[in-house]
Enquirer: 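Below you will find the structure I want to go over with you.
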Amino acid sequence: MSALRQGVNRATLFCAAAVLLCAGAALATTTDPVRDRLPSGWPRLGADRVWLDEDTLGRWRDHGWWPPVVIAALAVVLLLLLALAVLEIRAGRLRVLTLGRPGVTLAGPALAAAIAERVRAVDGVARAHVRLLGRPRRLRARITLVLTPDGSPRAALRQLAEQAVMEARAAAAPRALEADVRISVQAHRTRRIR
């Protein structure tokens with residue numbers, strides 16, 4: 001995921017959280033149990049507060065410009081969120097990878113299964129799972145390794161980089177392939193004695 005997309009995702013989440021937090025705080029301070037527990041210096045909203053009374057609503061109705069502006073702003077926000085969702089979905093699992101010749105493709109799950117099979121052959125690896133993500137020009141392999149209790153993480157990573165990842169990069173060429181590796185160790189099974 002690029003730094004720009006990460007920044008956009010974080011900014012969107014921050015704005016949504018800020019709006020929800022402010023709305024929740026404003027609504028929570030109007031109820032009696034919450035108002036009674038607030039520190040004495042904090043502002044309190046009246047329990048009988050009306051957010052839009054009839055006079056204010058009537059003044060807003062006199063201006064004919066605000067309903068189209070509000071609807072347009074909400075439509076723009078909705079379209080931006082939908083575009084962001086489409087970008088997230090498109091950058092998800094790789095379905096098809098085009099090879100060097102026209103009309104020749106390779107299924108992304110098949111390549112991921114082949115990489116996982118090669119990773120399982122590495123010494124000290126008990127289980128492996130591979131997911132291919134990204135766009136056709138730039139691929140990312142998420143590799144999850146479960147090592148045997150006596151397996152060496154350093155040796156497993158070295159063999160993984162020299163064998164499975166190098167072969168996957170050769171298969172994906174001329175596209176760039178990045179690998180994210182997550183390692184865990186298989187727990188010892190304890191025998192119960194009765």
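Below, all heavy atoms of this structure are taken into account, side chains as well, without hydrogens, waters or symmetry copies. The chain is numbered in sequence order, starting from 1.
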Enquirer: If you group Ile, Leu, Val, Met, Phe, Trp and Tyr by side-chain heavy-atom gaps below 4.5 Å, do Val130 and Ile183 land in one group?
Expert: yes
Enquirer: If you measure from OG1 on Thr144 to CZ on Arg142, what distance do you get to the nearest 0.5 Å?
Expert: 9.0 Å
Enquirer: Find out whether Leu160 and Val181 are in side-chain contact, i.e. whether some heavy atom of one side chain is under 4.5 Å from a heavy atom of the other.
Expert: yes
Enquirer: Applying salt bridge (Lys or Arg N to Asp or Glu O under 4.0 Å), can you list everything that pairs with Glu162, at least two apart in sequence or on another chain?
Expert: none
Enquirer: Of the non-hydrogen atoms in Ala168 and Leu177, which two are nearest, and what is the gap between them?
Expert: CB-CD2, 3.5 Å
Enquirer: Would Leu80 and Leu74 show up in the same hydrophobic cluster when neighbours are defined by side-chain heavy atoms closer than 4.5 Å?
Expert: no
Enquirer: For residues Ile143 and Val165, determine if any side-chain heavy atom of one lies less than 4.5 Å from a side-chain heavy atom of the other.
Expert: yes
Enquirer: Hey, what do you get for CZ (Arg169) to CD1 (Ile115), rounding to the nearest 0.5 Å?
Expert: 10.5 Å
Enquirer: Membership question, hydrophobic clusters at under 4.5 Å side-chain separation (ILVMFWY): are Leu21 and Phe14 in the same one?
Expert: no
Enquirer: Compare every heavy atom of Ala112 with every heavy atom of Leu132, then report the nearest pair and how far apart it is.
Expert: CD1-N, 4.0 Å
Enquirer: Are any of the side-chain heavy atoms of Arg182 and Leu145 separated by less than 4.5 Å?
Expert: no
Enquirer: Apply side chain to side chain contact (heavy atoms under 4.5 Å, CB included) to Thr12 and Leu81, showing your working.
Expert: CA-CA 9 Å; Thr12 304; Leu81 291 175; 3.9 Å; yes
Enquirer: Distance check, rounded to the nearest 0.5 Å: Ser152 atom OG versus Gln159 atom CD?
Expert: 9.0 Å
Enquirer: Please tell me if the side chains of Thr148 and Val185 come closer than 4.5 Å, counting only heavy atoms from C-beta onward.
Expert: no
Enquirer: Please determine whether side chain to side chain contact (heavy atoms under 4.5 Å, CB included) holds for the pair Arg120 and Arg127, giving the CA-CA distance in whole Å, both sets of side-chain angles, and the decisive distance to 0.1 Å.
Expert: CA-CA 6 Å; Arg120 285 186 202 104; Arg127 290 189 312 270; 5.8 Å; no
Enquirer: Without swapping roles, check the side chain of Arg118 against the backbone of Ala164 for a donor-acceptor pair under 3.5 Å.
Expert: no
Enquirer: Looking at every heavy atom in both Ala116 and Ala128, which two are closest together, and how far apart are they?
Expert: O-CB, 4.2 Å
